[in-house]
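This report refers to the structure that appears directly beneath it.
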Amino acid sequence: MIPFVDLKTIHQPLQKQFQQVMDHCLSESDFVTGPMVRQFEQDFANYCESKHCIGVSSGTAALFLALQALGIKEGDEVIVPAHTFIATAMAVSQCGATPIFVDVDEYSWNISWKNISEKINSKTKAIIVVHIYGNPVEIEKIVTAAHQQAIPVIEDAAQAHDALYQNKKIGSLADIACFSFYPSKNLGALGEGGAITTNNEELAQTVSQLRDYGRSDKYKHEKIGYNLRLQGMQAGFLSVKLKHLDQWNERRREVMEIYQKQLKDTSLQFQSISSDAVPVYHLGVIQTSNRAHITKTLQDHQIGFGVHYPIPCHQQPAYSETNHLSLPIAERLSKSVLSLPLFVGLEKQQIDTVCEVIKTCL
Ligand SMILES: *Cc1c(COP(=O)(O)O)cnc(C)c1O
């Protein structure tokens, strides 16, 4: 049996350090937005080469708070890719605004300025770009063009911790960036967590207040805020794991390289990566016109897999008002993408087995 993902291999060696975090939190009663959270915020800001980091309760909370800090409200439109995890769009809806779904590029599977620019109008108040599967979007081009029209850009970096674009870290390249620390992400908590990074002092301060009841002081509340805070223990676990992230992402790249090598010269397609980018392969995705047959065969061989995502956002029942839209690339991807096992502890022999089984289907 080969699992789709196995987190035990990275967590077991760190158990003692996790225990130390728990001991500290217990003995110091450091539970919510205390010293542990502040330490992690500093660690992660440094890591992302970003001036500010604000820990929050999830990736979705990060997106919601980023939009709130930018003043997104009812009647506003926010451009999002149709090919992403639904949270990108739902954060927009949670603000009362309308997500405007755009198609993605046929090769990079990412949002591009060409697709964005066609949907911009006077109601467009923000653009969310998603570095899908850890593959950086052409962020510089999008930010420059969007800023010419005074439209802010949010990075949904939930799948791209540590990815680089033009030698700069994802998370510092647009107005504000949102990370998820859901356990299976490249950097995951042992529960829920998220963060915002930004170089904009004012946005950082607004997000920091909004996550904590609009608080500017213990008993003083500047705005109507929320309770979307990061927990101390999760922050402590994240600081422990952050030290290993470079090495883990390196292993992800190695695994993907083996897949690419062994499955080249087949009908399968891989995501194309810009020569300006260093991806972090949150998922190991291939595209195939033969998905049903391959998944059945993988199942027969007890090999885990995933499909990210089988329904594009604009066709979700929750977005019935956009179900009629035609976004051909996103629709094609939803029918053809297949995520292969990819995790840090995956061994060469297991990768070989996956490839052999897949080749029997081609
Ligand atoms: C995981 C994910 C999110 C949401 O993060 P949570 O921590 O689960 O709320 C948002 N966007 C993308 C692209 C994701 O992969």
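Excluded from the calculations below are hydrogen atoms, water molecules and symmetry mates; all remaining heavy atoms, backbone and side chain alike, are included.
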Do [X] and [Y] come within less than 4.5 Å of each other through their side chains, counting heavy atoms only?
| X | Y | answer |
| --- | --- | --- |
| D30 | H24 | yes |
| I176 | E155 | no |
| C53 | I196 | no |
| V337 | R291 | yes |
| L230 | T33 | no |
| K223 | T206 | yes |
| F18 | K16 | no |
| M36 | V21 | yes |

Can you confirm whether the side chains of [X] and [Y] place a donor and an acceptor under 3.5 Å from each other?
| X | Y | value |
| --- | --- | --- |
| N115 | D103 | no |
| T84 | Y309 | no |
| E49 | S172 | no |
| H282 | N186 | yes |
| H147 | D175 | yes |
| E77 | N121 | yes |

(request) Begin with the C-alpha distance, continue with both residues' side-chain angles, and end with the deciding distance and a verdict on side-chain hydrogen bond (donor to acceptor under 3.5 Å, both in side chains) for N46 and Q42. (result) CA-CA 6 Å; N46 291 342; Q42 213 171 66; 5.5 Å; no

Thinking salt bridges, do [X] and [Y] make one under a 4.0 Å N-O criterion?
| X | Y | result |
| --- | --- | --- |
| E356 | K359 | no |
| R251 | E254 | yes |
| R229 | E192 | no |

Would you name the heavy atoms of [X] and [Y] that are closest together and state the gap between them?
| X | Y | answer |
| --- | --- | --- |
| V285 | F270 | O-CD2, 4.0 Å |
| P136 | Y165 | CB-CD1, 4.0 Å |
| P341 | G304 | CG-O, 3.3 Å |
| F101 | C313 | CE2-CB, 3.3 Å |
| M256 | L342 | SD-CD1, 3.8 Å |
| G171 | F179 | CA-CZ, 3.9 Å |

Would you say [Y] ends up clustered with [X] if hydrophobic residues are merged whenever their side chains have heavy atoms under 4.5 Å apart, either directly or through other cluster members?
| X | Y | result |
| --- | --- | --- |
| F85 | L327 | yes |
| V207 | I72 | yes |
| V280 | Y133 | no |
| I170 | L242 | no |

(request) With sequence neighbours excluded, tell me which residues meet side chain to side chain contact (heavy atoms under 4.5 Å, CB included) with Q19. (result)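 Counting only residues at least two positions away or on another chain, Q19 forms a side chain to side chain contact (heavy atoms under 4.5 Å, CB included) with M22, D23.
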
(request) Using the test side chain to side chain contact (heavy atoms under 4.5 Å, CB included), find all partners of Q166 that sit at least two apart in sequence or belong to another chain. (result)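 So Q166 forms a side chain to side chain contact (heavy atoms under 4.5 Å, CB included) with E140, D276.
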
(message) Working to the nearest 0.5 angstrom, can you tell me the gap between I116 CD1 and K141 NZ?
(response)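 Answer rounded to 0.5 Å: 10.5 Å.
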
(message) What's the separation between atom OG1 in T198 and atom NZ in K51, rounded to the nearest 0.5 Å?
(response)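 Rounded to the nearest 0.5 Å, the OG1-NZ separation comes out at 9.0 Å.
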
(message) Using the ring-ring contact (aromatic ring centres under 6.0 Å, His included) criterion, which residues pair with F4? Sequence neighbours excluded.
(response)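 F4 satisfies ring-ring contact (aromatic ring centres under 6.0 Å, His included) with H308 only.
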
(request) Starting from the C-alpha separation in whole Å, work towards a yes-or-no answer on side chain to side chain contact (heavy atoms under 4.5 Å, CB included) for I128 and I79. (result) CA-CA 6 Å; I128 307 183; I79 291 177; over 6 Å; no

(message) Using side-chain hydrogen bond (donor to acceptor under 3.5 Å, both in side chains), reason through H314 and E331 one step at a time and then give a plain yes or no.
(response) CA-CA 9 Å; H314 67 289; E331 285 158 32; 2.8 Å; yes

(message) Walk me through whether V129 and I154 qualify under side chain to side chain contact (heavy atoms under 4.5 Å, CB included).
(response) CA-CA 6 Å; V129 302; I154 301 171; over 6 Å; no

(message) Apply side chain to side chain contact (heavy atoms under 4.5 Å, CB included) to residues S58 and Y182 and explain how you reach the verdict.
(response) CA-CA 7 Å; S58 71; Y182 185 75; over 6 Å; no

(message) Would Q271 and Y107 count as a side-chain hydrogen bond (donor to acceptor under 3.5 Å, both in side chains) here? Give the steps.
(response) CA-CA 6 Å; Q271 188 177 25; Y107 304 104; over 6 Å; no

Polar side-chain atom of [X] near backbone of [Y] as donor-acceptor pair, under 3.5 Å:
| X | Y | answer |
| --- | --- | --- |
| D217 | K220 | no |
| D76 | K73 | yes |
| N323 | Q316 | yes |
| N249 | A163 | no |
| D105 | S108 | yes |
| Q94 | F64 | no |

(request) Check whether NZ of the Lys or CZ of the Arg K169 lies under 6.0 Å from the centre of the six-membered ring of Y47 and within 45 degrees of that ring's axis. (result)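 Checked: cation-pi criterion met.
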
